[in-house]
Amino acid sequence: MRIFLLTKTPQNERTKLCLRLLASSEDALVYLAGDGVYNLLGRGEEPGGIRQAANQADKSLTVLVPRHRILASREDLEARGISADGKATVPADFYDRLVDDMMREGSRIYTF
Amino acid sequence: MRIFLLTKTPQNERTKLCLRLLASSEDALVYLAGDGVYNLLGRGEEPGGIRQAANQADKSLTVLVPRHRILASREDLEARGISADGKATVPADFYDRLVDDMMREGSRIYTF
Amino acid sequence: MGTLTIILTDGPYISQYAEMAYKIAKAAKAKAHRVNIFLYLDAVAIPKAGQNPAFFANAGELFAELARLGVKVEACPRCATARGYAPEGGKSEDYVEGIKITSLYRLAEMLEESDRVVTLTR
Amino acid sequence: MGTLTIILTDGPYISQYAEMAYKIAKAAKAKAHRVNIFLYLDAVAIPKAGQNPAFFANAGELFAELARLGVKVEACPRCATARGYAPEGGKSEDYVEGIKITSLYRLAEMLEESDRVVTLTR
Amino acid sequence: MRSFFFLLDSAPYGNEKAFGLLNAAAVSSKMNVAVGLYGDGVYLALIGQDSRALGLPNHSDILYAYPEMRILAHELSLADRRLMSASLVERVELMDEEMFLKEMLQSDSIILL
Amino acid sequence: MRSFFFLLDSAPYGNEKAFGLLNAAAVSSKMNVAVGLYGDGVYLALIGQDSRALGLPNHSDILYAYPEMRILAHELSLADRRLMSASLVERVELMDEEMFLKEMLQSDSIILL
């Protein structure tokens, strides 16, 4: 299992690289902490935006990964005024689960 | 006179903002120090590149500003293996000139 | 039981990474994993003694706690010496208890003996 | 003669900005301008005493030199206290000579009295 | 009176720059001060921030504590982040690219941290 | 033998990350180590670097001092920076997007500073 711990905003170049690696990993599990929780904002399409997203080819996290494979840190969501809103699981024991998943036999951890 | 001290690579978002401000300033003088000297690489067009530059609308510094209004720091160019190559002036007294220009009556300094 | 190494490059407060590393290291230690933290570049400022943040959790105390829990916290000597944390027998007088200034080769050893590596950096 | 204020937010070595600020401040001072430098966020580490970089110019010494030349170098007390540089009567025992820990309101005063403001930050 | 444009281009909470910039703008607010939210800085405009569990000061409270500061947000940055239809702090004044750049160039100084 | 992919995504000299990453990779080079130049990190591949006047160590010399490290450069990043026709350090192995990502995912760990 490939675990991606993402701590940066959607516009950060490291996030874009992370998503490209994700896209070629079938069994990805994504942990969002810090500014990574901004990746839960909005959806694939923006209704009535001033212009289209700069790069149509870049798919957002919530389009790439099913909600049950995204976990987000509650305190980071709350601080930033973001609701997971059915787009991610928000466990009470975020860091415990992260450690269990990443230390599990056969898993890999990538941090962006 | 508007002085722009640019110290970041062309891909940095602050550089892009700097260039947009530059584009609406007729009397701009640009000082390149640190990673800012990477803005002298290449030209407006890339012959035979793998793909076109990501955003065609973003013009590069050397397209926006005539060479006699760009000054670059010699030691920063040398360290990075970049030649000013007729695209900028490379004064021996870069910081002296920067200070003279920015402290001159009526000028403004912007740092990116 | 596995071995986890965390690499940090930011100082305290400027980013969330010191605190995030603390949370991960503490959770891993509680599950009886071996945990190493290598402090690189600006991160050598994390264990400075005498920190007194008005608005944030005290990073020096968090890392002293990790050291008490058995987390190996080691700092890069080049980075620490440059920044005024002189290595005296591997111990900086500026540091909280339990943090050592060792060698960049220790980072390579940590990598070699680790099952997982996490880098937290801006 | 004018007044120039430089604001820094990065610590030494991690970026070129401390050194760039030194070059600008020195050139401005040589031309008899008044120069202020405000050390904010991570930049409060720039004047730490005892720095000994193997590969870079010693940032502490560069800023001590600026102070001797009459450049006012002042550090933010919130940032400095958080990071373990306790203000004792405006002077940190950890700092090289001539650098003071003052107040964020001094930044506002510097801005008010300056003809030009330069921010150098990552 | 001198005018200062404080440009915030990084997201709040993940690093100290938003907090630092807001404090610097606040102490300067007897002068003519605008805080411009640009790029990732526009995330500061989201309503409903509650940073108690994270153990950091609430950044949007600072906006309300200093009503004399103007708070401008760059619309294109909001649109790129799909925030045009999100609920934003009411203090924030939306501004198109042209006006935003004009405000920057009209200030005596631009301050980026 | 463990394999490590050190990803450099910032330009050399302007900050310490390139120097720090190269040193970390160098001490680890008895293991299976690749340095991947990506984004602004590809500027490290430019030939003719002479950092004496700047007072910093020459970063490209480090590449030559450790021939056992593989040095990979991401072609799209080079192209975006108009470096495909520039003269590059000969140690550097150009790699397309697909291969570059594959190398990353095949390593035991990816290290970003």
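Excluded from the calculations below are hydrogen atoms, water molecules and symmetry mates; all remaining heavy atoms, backbone and side chain alike, are included. So that the names make sense, note that chain A is the first sequence line, chain B the second, and so on, each numbered from 1. Not measured: the values here are computed from a predicted model.
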Asks: Could you report the tightest heavy-atom contact between Met20(C) and Thr7(A), atom names first, then the distance?
Replies: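 That would be SD-CG2, 3.6 Å.
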Asks: Hey, could you give me the CZ/CG distance between Arg108(A) and Asp115(C), rounded to the nearest 0.5 Å?
Replies: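 With rounding to 0.5 Å, CZ (Arg108(A)) is 12.5 Å from CG (Asp115(C)).
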Asks: So which atom in Ala27(C) and which in Asp96(A) form the shortest heavy-atom distance, rounded to 0.1 Å?
Replies: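 Looking at all heavy atoms of both residues, the closest pair is CB-OD1, 3.5 Å.
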Asks: Measure distances from Arg97(A) to the heavy atoms of chain C and classify the residue's part below 4.5 Å as side chain, backbone, both or neither.
Replies: neither
Asks: Is the number of heavy atoms from other residues, nucleotides or ligands under 6.0 Å of Glu97(C) CD greater than 12?
Replies: no
Asks: How many angstroms lie between atom CE of Met102(A) and atom CG of Leu4(C), to the nearest 0.5 angstrom?
Replies: 4.5 Å
Asks: List the atom of Leu120(C), the atom of Thr111(A), and the distance in Å for their closest heavy-atom pair.
Replies: CD2-CG2, 3.6 Å
Asks: Where on Ser107(A) is there a heavy atom nearer than 4.5 Å to chain C: the side chain, the backbone, both, or neither?
Replies: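 For Ser107(A), backbone and side chain are both near chain C.
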Asks: Quick one: what part of Thr121(C) sits under 4.5 Å from any heavy atom of chain A, side chain, backbone, both or neither?
Replies: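 For Thr121(C), heavy atoms of backbone and side chain both lie under 4.5 Å from chain A.
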Asks: Determine the minimum heavy-atom distance between Gln16(C) and Asp35(A), stating which atoms define it.
Replies: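 Gln16(C) and Asp35(A) have their closest heavy atoms at OE1-N, 4.4 Å.
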Asks: Report the C-alpha distance between Lys23(C) and Glu75(A) in whole Å, list the side-chain angles of each, state the deciding distance to 0.1 Å, and finish with yes or no for side-chain contact (heavy atoms from CB on, under 4.5 Å).
Replies: CA-CA 13 Å; Lys23(C) 290 174 183 173; Glu75(A) 64 261 31; 3.0 Å; yes
Asks: Checking heavy atoms, do the side chain of Asp93(A), its backbone, both or neither come under 4.5 Å from chain C?
Replies: neither
Asks: Sub-3.5 Å donor-acceptor pair from the side chain of Arg116(C) to the main-chain atoms of Ile109(A), do we have one?
Replies: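 No.
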